[in-house]
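Lettering follows sequence order; numbering is per chain, from 1.
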There are 2 protein chains.
Amino acid sequence: MPGPAGRKPPADKYDERRRALAESALLTLGELGYAKASLREIANNSEFSHGVVHYYFEDKHELIVYCVREQKSVCVRRYDGVVADSTTPDELAAGFADKLVETLTNDAAMHRLWYDVRTQSMFEDRLREVAAEIDGWLEDMIWRIVSRYAELAGAEPAMPPSVLYAILDGLFQQALIGVTVGREGVLDELRALVNALMPTMITAPVAAPA
Amino acid sequence: MPGPAGRKPPADKYDERRRALAESALLTLGELGYAKASLREIANNSEFSHGVVHYYFEDKHELIVYCVREQKSVCVRRYDGVVADSTTPDELAAGFADKLVETLTNDAAMHRLWYDVRTQSMFEDRLREVAAEIDGWLEDMIWRIVSRYAELAGAEPAMPPSVLYAILDGLFQQALIGVTVGREGVLDELRALVNALMPTMITAPVAAPA
DNA sequence: CTTCCGTCTTGACGACTGTCAAGAAATCTC
DNA sequence: GAGATTTCTTGACAGTCGTCAAGACGGAAG
């Protein structure tokens, strides 16, 4: 009975293994979705056997929650660089848009899983906590971007964080669907759109800030 | 073999029954979601037995697609009245916002099902057609509202239909989640938000149209 | 080497699923 | 009324699921 409780050997090895399992689970989870991804299928697309899951996780639910939380916790830090390094509003907007497009192509599976989990949270109580938590992370992420953008422009965000997040999330979700079904031009449209929309999200900048 | 093909008696009776079955299926579908709603559970929450589904529908997939398409085809006509009757921009915006709030409380289950189906369409090919179709309906619906709003204001929509739809859809989806988890004040916030946001969706109105 | 313990595999269990066939019930036709 | 046809119920089928127990493997400790 080594599982979750009393552990003698390197306790880090345990967490490391959990992460490895969760990461390889992401492959199947992001391809089949929350409902259709069985533990056997997840195990088949990995180096593990289907039984090992219950050695590292209580049940399927815990694996999935761990997986999406782990992924998203790094996801929400993706724009920290551009926020910190940009010196003009336009540079920030362009960097933001570029990274949006980049993650849309590179991490499409993860984003699909996230939207799946959030939607399922409306039907399954046990998912609500993690969904609400991550939604909060993402809202904060957007707020960091827009408020810094406003600061660089000598202005203020024109809308509260929740509204900014909802709007950008709606645009991103449509783009994700577009990428998933293979629609052409989605990426360039999203990039242009974000660049065009950012100025509308702050109050009119003061002409001479100094 | 009376099913889908050759029918002698009132062919309308057949369609009528399909609609009745689909409508009672909505109850369970909107409560449990696409994946977790089994045919037996759907039948239990209705006046039908679990086997009758295959008399009126090819399979589970066809039932669900029929159900969501039927529901949404009336859903997208919800704002036709306010669009036709409003004589000022503000009246249109207020009527739109009111009806948004109204459907959010009355038809929450249907909206949950729709978002579920659209999300699942990213994982399941067979859902993509109906999801894309309905997304188109909704985009047209939003376009009718905003373009009429702009017309009443003597202006033009400031963004293309797809962008307007994505933005409003993002806001609505967040509000739906809020309603589902029982967050307070969501409805009033959405109403105020829509009223405040509508002016930003059109170009600056011409002062004296005549 | 033997012993022990953390790690993992294998195989099985019961529950649940969509589907369908066989026949009962209801309705219509004459 | 009888007979035919549409409509529906019931029960079973094969398959899949999450879960878990029994034991195999591996390396470290003695």
**Q** Before accepting this row, confirm whether a basic side-chain N of the pair B:Glu102/B:Lys99 lies closer than 4.0 Å to the acidic partner's carboxylate O.
**A** yes
**Q** Hey, which sits more toward the 5' end of DNA chain D by its nearest nucleotide, A:His61 or B:Tyr56?
**A** B:Tyr56
**Q** Quick one: do A:Lys36 and B:Glu124 make a salt bridge, cutoff under 4.0 Å?
**A** yes
**Q** Take atom NZ of B:Lys60 and atom P of C:dC16, then tell me their distance rounded to the nearest Å.
**A** 15 Å
**Q** Closest approach of A:Val186 and A:Val179, non-hydrogen atoms and distance?
**A** CG2-N, 4.3 Å
**Q** For a quick check of understanding: with a heavy-atom distance under 4.0 Å over all strands, which category does A:Arg17 fall into, base, sugar-phosphate or nothing?
**A** sugar-phosphate
**Q** For A:Arg40 and for B:Glu41, locate the closest nucleotide of DNA chain C by heavy-atom distance; then report the residue assigned to the nucleotide nearer the 5' terminus.
**A** A:Arg40
**Q** Look at the side chain of A:Ser49 and decide which nucleotide, out of C:dC8, C:dG18, D:dC20, has an atom nearest to it.
**A** C:dC8
**Q** Before giving the answer on side chain to side chain contact (heavy atoms under 4.5 Å, CB included), spell out for B:Thr180 and A:Arg128 the whole-Å C-alpha distance, their side-chain angles and the decisive distance to 0.1 Å.
**A** CA-CA 10 Å; B:Thr180 301; A:Arg128 285 189 186 168; 3.6 Å; yes
**Q** Is A:Glu129 salt-bridged to A:Arg69, going by a charged N under 4.0 Å from an acidic O?
**A** no
**Q** B:Arg126 has an atom CZ; how far is it from atom C1' of C:dG18, in whole Å?
**A** 11 Å
**Q** Quick one: is D:dT16 close enough that its OP1 or OP2 comes under 4.0 Å of any side-chain N or O from A:Ser38?
**A** no
**Q** Does A:Tyr55 place a side-chain N or O at less than 4.0 Å from the phosphate oxygens OP1/OP2 of C:dC8?
**A** no
**Q** Taking the side chain of A:Val52 as heavy atoms from C-beta outward, which of C:dC8, C:dG11, D:dG11 is closest to it?
**A** C:dC8
**Q** What is the distance from CD1 of A:Ile42 to C1' of D:dC17, rounded to the nearest Å?
**A** 12 Å
**Q** Just how far, in rounded Å, is P of C:dG18 from CG of B:Asn44?
**A** 12 Å
**Q** In whole Å, what is the span from the NE2 atom of A:His54 to the C1' atom of C:dT10?
**A** 15 Å
**Q** Return the value, rounded to whole Å, for the distance between atom NE2 of B:His50 and atom C1' of C:dA21.
**A** 12 Å
**Q** Once you round it to whole Å, what is the distance between P of D:dG18 and CD of A:Glu62?
**A** 15 Å
**Q** Among D:dG18, C:dG11, C:dG18, which nucleotide has an atom closest to any side-chain atom of B:Leu39?
**A** C:dG18
**Q** What is the distance, rounded to the nearest whole Å, between atom NZ of A:Lys36 and atom P of C:dG18?
**A** 13 Å
